[in-house]
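Contents: one structure, followed by commentary.
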Amino acid sequence: MQVKVEGCMTEHTGIYEQAVPEVSIVMPCLNESDTLALCIEKAQRALCEHKIAGEIIVADNGSTDGSQAIARRLGARVIHVAAKGYGNALMGGIAAARGQFIIMGDADDSYDFLEIPSFVNKLREGVDLVQGCRLPAGGGSIAPGAMPLLHRWWGNPMFSLLARWWFQSPVHDVYCGLRGFRKDFYDRLGQRCTGMEFATEMIIKASLYHAKIAEVPITLHPDGRKAHAPHLKTFRDGWRTLRFFLMYSPRWLFFIPGALLLLLGIVGYGIAMPGLTLRGMTFDAHTLLFASLSMLCGYQAIVFAISTKIFAISEGLMPEDPFLNRFFKCVNLERGLLVSLVALGSGLALLLAAVNQWRLVDFGRLEYATTMRLVIPGATLTALAFQTILASFFVSILGVRRR
């Protein structure tokens with residue numbers, strides 16, 4: 001839509017005072033005929049009353065209820081997006097936007113587009129991303145019946161807390177779909193998610209890239225659609241969000257669990273190797289075996305954390321990590337191989353010592369509590385050395401693109 005703001009004219013004449021609009025309002029649409037007209041009219045009114053030069057884009061994702069005709073009748077630009085998905089629809093609409101600033105919001109009348117000027121004012125101040133907040137924790141409000149109790153008191157607060165904890169995102173409502181951002185900033189983010197994770201991906205990436213993020217309190221209203229139920233599915237979409245959070249945090253998915261397992265294995269070795277008895281419990285060869293399992297799993301998880309982080313940085317999914325850069329100044333392929341050979345030699349030496357003990361009893365029965373203190377550490381060191389050799393080459397290959 002092209003809006004002539006002077007004189008507060010909103011007739012759909014196609015007349016526009018500037019070559020490029022300042023604001024593009026993008027509404028993803030999939031059978032929103034119940035509410036689309038009201039959303040467009042509110043957006044028009046907001047632009048007109050506050051003299052904001054803008055356009056309204058309806059990113060249609062295959063509606064069959066006449067939503068496209070409604071949008072055109074009201075003067076909005078309709079962009080057809082064939083690839084299904086909330087993220088695909090938004091990416092298609094944003095790609096077609098001509099404004100310096102983008103305001104995105106669902107066309108189900110749950111968001112009041114009359115609140116757009118608050119977002120625009122923040123963007124004019126130089127903020128990269130302006131996130132709406134519906135939750136009281138961030139100053140927002142929720143009208144009765146507008147949000148399911150499980151979403152309000154558990155899902156949304158939990159994921160918002162994780163976003164602040166894991167990614168230092170300064171937001172209290174990570175799911176809010178009414179937000180504004182600079183078009184050039186969005187282009188730098190390189191959004192990838194084609195589904196509902198699109199919104200959380202934007203928050204996480206913006207936080208990782210240390211963008212200027214601000215919150216604007218808004219009011220959430222009940223979904224105005226009558227023809228069909230909301231597209232959101234509580235447990236399916238909740239799992240998809242958690243999965244995405246974990247994928248974008250190798251530290252919490254791999255490194256921290258791996259470090260805990262590795263530490264547990266070291267403690268196990270510390271009490272099992274000397275055969276300590278604590279409170280009547282004797283820790284012997286079986287404890288040593290469990291400790292080795294813990295160390296192997298933990299070490300593998302840490303290797304996955306490093307590999308995943310390098311891949312994510314190489315693909316532009318995450319920014320450069322100063323700690324990782326310092327790590328690789330000290331650790332390279334050659335040093336990794338050298339450490340591996342030392343560990344491999346030590347492991348094989350322990351295994352040969354165990355074979356020698358067997359030889360000393362003419363290959364007869366062994367005292368397993370004693371022999372296993374050689375076999376288990378020897379096998380563990382050999383396995384860790386072999387893993388380190390493979391990991392050193394693999395990480396080196398991943399890092400080729402970074403050099």
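As a basis for the values below, the full set of heavy atoms in this structure was taken, side chains included, without hydrogen atoms, waters or symmetry mates.
Counting only residues at least two apart or in different chains, side chain to side chain donor-acceptor pair (under 3.5 Å) contacts with residues 156-166 comprise Asn156-Ser160, Asn156-Asp173.
In terms of modelled atom types and a separation under 3.5 Å, the side chain of Tyr248 and the main chain of Glu201 share no donor-acceptor contact. Here the side chain of Glu55 pairs no donor or acceptor atom with the backbone of Ser24 at under 3.5 angstrom. Listed for the Asn121 side chain is a donor-acceptor partner under 3.5 Å among the backbone atoms of Pro117. With hydrogens and angles ignored, the 3.5 Å screen pairs a side-chain donor or acceptor of Gln131 with a backbone N or O of Cys176.
In this structure, the side chains of Asn61 and Lys84 come closer than 4.5 Å at one or more pairs of heavy atoms. Counting heavy atoms from C-beta outward, Glu197 and Met247 have side chains that stay 4.5 Å or more apart. Residues Tyr299 and Thr388 have side chains in contact (heavy-atom distance under 4.5 Å, counting atoms from C-beta outward). Residues Tyr209 and Asp128 are not in side-chain contact: their nearest non-hydrogen atoms beyond the backbone lie 4.5 Å or more apart.
The heavy-atom pair separating Val303 from Ala391 by the smallest distance is CG1-CB, 3.6 Å.
Within 6.0 Å of atom CZ in Arg251, 12 or fewer heavy atoms from other residues, nucleotides or ligands are found, so the atom counts as exposed in its surroundings.
A donor-acceptor pair shorter than 3.5 Å cannot be found between the side chains of Ser33 and Ser67. Side chains of Asp108 and Ser110: a donor on one and an acceptor on the other come within 3.5 Å. With hydrogens and angles left out, the side-chain atoms of Thr241 and Thr200 include no donor and acceptor closer than 3.5 Å. Side-chain N/O atoms of Ser63 and Asp60 include a donor and acceptor closer than 3.5 Å.
At a threshold of 4.0 Å, the pair Glu215-Lys122 does not count as salt-bridged, since none of the basic side-chain nitrogens sits closer than that to a carboxylate oxygen.
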Intermediate values then yes/no, salt bridge (charged side-chain N to carboxylate O under 4.0 Å, His left out), Asp284 and Arg373: CA-CA 9 Å; Asp284 212 323; Arg373 281 180 168 77; 2.8 Å; yes
From CA spacing to verdict: side chain to side chain contact (heavy atoms under 4.5 Å, CB included), Phe311, Thr308: CA-CA 5 Å; Phe311 175 79; Thr308 303; 5.8 Å; no
Phe245/Phe167 under ring pair (Phe, Tyr, Trp, His ring centres under 6.0 Å): CA gap, chis, key distance, verdict: CA-CA 9 Å; Phe245 270 48; Phe167 308 104; 5.7 Å; yes
Leu293 and Cys297: CA distance, side-chain angles, deciding distance, side chain to side chain contact (heavy atoms under 4.5 Å, CB included) verdict: CA-CA 6 Å; Leu293 175 64; Cys297 292; 4.0 Å; yes
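Phe198 and Tyr186 have tilted rings, their planes meeting at an angle from 30° to 60° on a 0 to 90° scale.
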